[in-house]
Number of protein chains: 2
Amino acid sequence: MAERAGVNQSTVSRALSGDPSITDQTRARVQEAANALGYRVDARAARLRSGKTRTIAIIVVARPGMDATEINPFHYNLLGSTCAAASEMGYQALVSFQSEPEHFDRHFIETRQADGMVLLGTSTNDAAWDYHHPILSRSDVASWGSPFTDHDRVDADNCAGARIAVERLLASGHRQIAFIGDTAETQKQFRERYESYVEVMREHGLEAGPPVWKPAAMRAEQGRKSAAALITSRRDFDGIFCSCDAMAFGVLETLQERGIAVPGDVGVIGFDGLGSGAHSNPPLTTVEPDFRKAGVMLARKALGKQKADDACRVPVRLVERGSVRKPTEG
Amino acid sequence: MAERAGVNQSTVSRALSGDPSITDQTRARVQEAANALGYRVDARAARLRSGKTRTIAIIVVARPGMDATEINPFHYNLLGSTCAAASEMGYQALVSFQSEPEHFDRHFIETRQADGMVLLGTSTNDAAWDYHHPILSRSDVASWGSPFTDHDRVDADNCAGARIAVERLLASGHRQIAFIGDTAETQKQFRERYESYVEVMREHGLEAGPPVWKPAAMRAEQGRKSAAALITSRRDFDGIFCSCDAMAFGVLETLQERGIAVPGDVGVIGFDGLGSGAHSNPPLTTVEPDFRKAGVMLARKALGKQKADDACRVPVRLVERGSVRKPTEG
DNA sequence: CTGAAAGCGCTAACAC
DNA sequence: GTGTTAGCGCTTTCAG
């Protein structure tokens, strides 16, 4: 390659890497020779020598035995956004779906495969999160959705999001608003949403109820069971703020089965901005995090380019669809 | 590292890579030293020296300006399955979302970043597919959804899938079944579905109509417009086989708006097995490809481990939900 | 079974 | 502005 262009090996390297000290003429000759020979720099060698990887590893925690269709679309969105953000920053994305212990791997940085790591996915895979726990507080690791509370995390602005949701319900005249969601210790994001819900209700002189939640394997089923429990409890309600869209879909189904009209009798708002909410029955009004910013924050945090910790809150917005009626006048 | 264990560098390499010629005792000593020092093999150096990459590059073609939530979940499913398959085969997945020309990159193999490539994503990004066209027929490249017809492809068993869908509609007593979908040259999969629809209709002595399709930016909108066009055409229909779920959601909405009951008046079946079909109104009966096998086929093809070409058809199954009424007796 | 030596293909100091 | 030289951290002959 070098001889073909009539220059030294290092000149080839400089020319191809855009080193400004190379003459346009020389660079042209090198380019030409490279094209003629189909030459490309070997990324492995370049990275070995330069000590960099220009790669960010993204680990998606999944549940054992689940196939691709069962992964929460929210995590796919996060994955896509993170890949896009990495690319924008000139980094590649090495992605690893991890569900079974035999595939657990947290050593992408030590093995010099990546400069930073992003962890995301379902919080309901204890073995996986236990395995990854030790690295969650590292400065070159960013995570979304971990069940632990002893480390920084990137997350939606749950507080602002819950406020938007509850105030939207209030604007439509709802006063007896219930919260459906899992507020277990390991679900920090849902706890935050619940707490904000309580706060907003109080501010308006209204009574906030306890969180309603029934366990099940999948979110939609949790939603169905929780909605049924809420109805059975004979507690009056005319609005539901649901901690996540996947559960809200189940809630919507049960309400419909029981003959409770949405948004006529009860207003429902979810959280996550899932695209499938556009086709649910009725279409689901929801709080959507800015996925693009989420990806950027995760990538930046993983690469140690994040300034303050408190900046790790992704802004949210309300996506108006059809599960809450129009705001009442005056 | 080597001195710490009191052995030669090459012994360390052999011990850690599981070379059977190393004594258990020696291996234990090496392991111990490695743990003590936090030593890990540098993947860049190992791959450079060995000449292998053990990596498969996955390129997801997206539309410019689209954010993560607008990517068809079908492609996310394919992506997830391919990553899982790669992992199962001992390969890593380097994933690259490509939408804008400045990020186009098809040289993952030449730059020794991957041993094989998988391309998938929306077929409606001409610049991207034109760019990738030259590599689509290579033996180390597998693709799903390309708009070109001059190369092998991995795809769902469209023929069998269309048959299952149409026969299911027939089983519920529908006789005037319409096909909604884009059968343009560049949409090979939809053409195949349409052709099978025609064939099955003929077999049953029924008349197959022309494909119904109206252009729009997004699939759901195409579905809405197409359904409207079908209704306006005053052509009688009591069943619709829709070429993909994303369009079917739009079809369902328009039918509902026009007061046409599904599955009461009209039965609807989609294709793709999107998870969100479980929450649509009504839940969408659909033909689902086996995503796990799809991922395996894509990965195998990319690594040149696929036997015959005709084996690149992924089996499909019917997912019964609520958009077709129960089969009629006898 | 283990050691010695070579070298994968680059990039980065350092010359000039 | 370009050449010379060294060496990134491994794996792989080849010896013994």
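Order of the sequence lines sets the chain letters (A, B, ...), proteins ahead of strands, with each chain counted from 1.
Other residues, nucleotides and ligands contribute over 12 non-hydrogen atoms within 6.0 Å of the CD atom of B:E102. Atom CG of A:N35 sits in a crowded spot, with more than 12 heavy atoms from other residues, nucleotides or ligands closer than 6.0 Å.
Checked for salt-bridge contact, A:E110 and A:R138 meet the test: a charged N lies under 4.0 Å from a carboxylate O. We find that B:D290 and B:R292 are not joined by a salt bridge, their nearest charged nitrogen and carboxylate oxygen being 4.0 Å or further apart. A salt bridge links B:E192 and B:R313; the closest N-O separation between the charged side-chain nitrogens and carboxylate oxygens is under 4.0 Å.
Distance from the side chain of B:Y39 is smallest to D:dC10 among C:dG9, D:dC10, C:dT11. With C:dG9, D:dG9, D:dT11 as the choices, the nucleotide that has an atom nearest any side-chain atom of B:A45 turns out to be D:dG9.
Between B:T23 and C:dT2 there is a side-chain N or O to OP1 or OP2 distance below 4.0 Å. The side chain of B:N8 contributes no N or O atom lying less than 4.0 Å from OP1 or OP2 of C:dT2.
A straight line from CG of B:L48 to C1' of D:dC8 spans 9 Å, rounded to a whole angstrom. Counting to the nearest Å, the C1' atom of C:dG7 and the CZ atom of B:R44 are 18 Å from each other. Counting to the nearest Å, the P atom of D:dG9 and the NZ atom of A:K52 are 15 Å from each other. If you measure from atom CG of A:D19 to atom P of C:dA12, you get 10 Å, rounded to the nearest angstrom. Straight-line distance from the CZ atom of A:R29 to the P atom of D:dT2: 8 Å, rounded to whole Å. Atom-to-atom, CG of A:L16 to C1' of D:dT2 comes out at 15 Å; the value is rounded to the nearest Å.
Using cut-offs of 30° and 60° for the angle between ring planes, the A:Y76 and B:Y76 rings count as parallel.
Of the two residues contacting DNA chain C, namely A:Q9 and B:R49, the nearest-nucleotide position lying further toward the 5' end is that of B:R49. Each of A:S13 and B:R27 was matched to the nucleotide of DNA chain C holding its nearest heavy atom; the match closer to the 5' end belongs to B:R27.
Across all strands shown, A:V12 has no heavy atoms under 4.0 Å from either base or sugar-phosphate atoms. Among the heavy atoms of the strands lying under 4.0 Å from B:T11 are primed sugar atoms or P, OP1, OP2 only; no base atom is included. Among the protein residues, B:T26 comes within range of the sugar-phosphate backbone only, with heavy atoms under 4.0 Å from sugar or phosphate atoms but none that close to a base.
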Give every pair of a protein N or O atom and an N or O atom of nucleotides 13-16 of chain D that lie under 3.5 Å apart, one pair per line with the distance.
none

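Between the side chains of B:E185 and B:T149, no donor N or O sits under 3.5 Å from an acceptor N or O.
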